[in-house]
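Below, all heavy atoms of this structure are taken into account, side chains as well, without hydrogens, waters or symmetry copies.
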Amino acid sequence: MAKDALDLLNFKNEVFKSYLFWSSVLLLKMLLMSLLTGLQRFRTQTFANPEDCILTKKDKIAYDNPHIERVRRAHRNDMENILPFFTAGFFYVLTNPSALLAINLFRLVGVARIIHTIVYAVVVVPQPARGISFFAAFIPTVYMALQVAIFAL
C-alpha cells in the first residue's frame, strides 16, 4: 500500500529526518562560504567596492584576486549542485525509498560536498580529488532525480 505524502513528511520517517539533517548541514555550509569569501577579502585586503576599503591604505579594489575567485567558484559550484540536491532529495523522500539506500545517499552527498569545498577552496588539493568529490555528490543526485521521474510515470 502506498504511503500518503503526509506520512512520509514527518519526523517519524527516518528518511525525511536524514534529508532534513543533511540539507541543513549543506545549507549552513553554503552560508559559511560567504564568510570564507569575506575572510579572503580581508586577508588579501582586496575588495569589490570602494566603500569597503576603509581599514588601511593598503586596501585595494580588484575583481581578479585568485584566492577570492577560487572561493567564489566553489560557492557557485555549491549553488549549481546543492540546490538541485534539495529538490531531488525532497521529491525522492516522497517516493518512499529504502531507508538504508536513501539515508546513505544523503550522507554521501553531504560529505562529498563538504570534501569538495575543502579540496577546492580551503586546502587546495590537486585533481582528481575535486573531481571525485564532485561526482560522489553529482551521481547520487542524478540517481534520485531519475528515481523520482520513474516514480512519477
Among the clusters formed by ILVMFWY side chains lying less than 4.5 Å apart, do [X] and [Y] turn up in the same one?
| X | Y | answer |
| --- | --- | --- |
| Leu27 | Ile118 | yes |
| Leu39 | Val119 | no |
| Leu28 | Val71 | no |
| Leu83 | Phe91 | yes |
| Met144 | Leu100 | no |

Do the rings of Phe16 and Phe90 sit parallel, tilted or perpendicular, given the 30° and 60° boundaries?
-> perpendicular
Specify whether Phe138 and Phe135 have parallel, tilted or perpendicular ring planes, treating 30° as the upper limit for parallel and 60° as the lower limit for perpendicular.
-> perpendicular
When you measure from the side chain of [X] to the backbone of [Y], do you find a donor-acceptor pair of N or O atoms at a distance under 3.5 Å?
| X | Y | value |
| --- | --- | --- |
| Ser133 | Arg130 | yes |
| Thr117 | Ile115 | no |
| Ser24 | Leu20 | yes |
| Asn49 | Glu51 | no |
| Asn81 | Asp78 | no |
| Gln147 | Phe151 | no |

So, for Phe21 and Phe106, is the gap between ring centers shorter than 6.0 Å?
->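 Not close enough - the centres of the two rings lie 6.0 Å or further apart.
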Between Tyr120 and Arg70, does any side-chain donor sit less than 3.5 Å from a side-chain acceptor?
->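 No.
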Apply ring-ring contact (aromatic ring centres under 6.0 Å, His included) to the pair Tyr92 and Tyr19, showing each step before the final yes or no.
-> CA-CA 9 Å; Tyr92 186 61; Tyr19 166 76; 9.7 Å; no
Count the heavy atoms belonging to other residues, nucleotides or ligands that lie under 6.0 Å from CZ of Phe86, then report whether that count exceeds 12.
-> yes
Quick one: are Pro128 and Ile132 in side-chain contact, heavy atoms under 4.5 Å?
-> yes
